[in-house]
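Comments concern the structure below.
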Amino acid sequence: MNHKNGFNPLSRTTAHRRAMTRNMVTSLYRYERVTTTKSKALEVRKAAEKLITRAKVDTVHNRRIAAKFIADEKILNKLFTEIGPRMKDRKGGYTRILKMGYRQGDAADVVILELVDYKLPDPDAKEDKPAKAAEKKAPAKKAPAKKAKAAEKAEAPKE
C-alpha cells in the first residue's frame, strides 16, 4: 500500500501541472491570498511552504533554489526580504486554507489559500487614497487658471 506517498496529478500533464503550481505560488506570494479549488490548494501549499522555509535563511544557495521555481524577481525578493523574516519564529504551517463553499458551474470545493499572518486591508486606508488623489488633482486644475489670469493681465495693458 502506498498510503500518503505521491501527489495529486490534478488531471494535468507534468508540464501543465508544474507551470500551474509555479504561477499559483507566485500569486500567493504577490497577493498573500488566492482563491482556488481545494485540491489545487493542497498541492500548491506543499511547494509554497517549502520555499518559505528556504526563505527564512537568506543565502545565495537558497535564493538560487527558489529562483528555479519563481521567475518574477520582485516576488523572489519579497519572499526573502518580507515573507521569510516574518515567518522566522514559526516552525512550519505558514499557510491556511479557508473553505468558501461550492462553485456554481461544476460544484468544485472552493477555498482561500492565504499566509497565516495575512491581514485584511483597512477600509480607512482606502478612504485616504482617494482623498490624496483628489488633492493631487486639485492643484493641477488651479495652475492653468493662474496662467489664464496672467494671460488676461498681459493682454489688458496692450490695449
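Keep in mind that what you see is a predicted model, and the values were worked out from it rather than measured.
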(message) Do the side chains of D58 and R63 get close enough for a salt bridge, i.e. N-O under 4.0 angstrom?
(response) yes

(request) Flag the pair K46 and E43 as a salt bridge only when some basic side-chain nitrogen lies within less than 4.0 angstrom of an acidic carboxylate oxygen. (result) yes

(request) Indicate yes or no for a side-chain donor-acceptor contact from Y29 to the backbone of A48 under 3.5 Å, with no hydrogens or angles considered. (result) yes

(message) Between R30 and D72 (salt bridge meaning N to carboxylate O under 4.0 Å), is one present in this structure?
(response) yes

(message) Main chain of T95, side chain of R45: is a donor-acceptor contact present, judged purely on distance under 3.5 Å?
(response) yes

(message) Salt bridge check, R86 against E32: does any charged N sit closer than 4.0 Å to a carboxylate O?
(response) yes

(message) I'd like to know if the side chain of K56 and the backbone of P85 have a donor-acceptor N/O pair within less than 3.5 Å.
(response) no

(message) Has R103 got a side-chain atom pairing as donor or acceptor with V110's backbone, closer than 3.5 angstrom?
(response) no

(request) Answer yes or no: are there more than 12 heavy-atom neighbours, outside Y102 itself, under 6.0 Å from its atom OH? (result) no

(message) For a 4.5 angstrom cut-off between non-hydrogen side-chain atoms, does I97 reach L42?
(response) yes

(request) Ignoring hydrogens and angles, tell me if any N or O in the side chain of N62 forms a donor-acceptor pair with the backbone of R54 under 3.5 Å. (result) yes

(request) State, with a plain yes or no, whether a side-chain heavy atom of V111 is found less than 4.5 Å away from one of L98. (result) no

(message) Any heavy-atom pair between the side chains of L115 and M87 that's under 4.5 Å?
(response) yes

(request) Check for a donor-acceptor pair, side chain of D106 on one end and backbone N or O of A108 on the other, with a separation under 3.5 Å. (result) yes

(request) Check for a donor-acceptor pair, side chain of R33 on one end and backbone N or O of E114 on the other, with a separation under 3.5 Å. (result) no

(message) For a 4.5 angstrom cut-off between non-hydrogen side-chain atoms, does I83 reach Y94?
(response) no

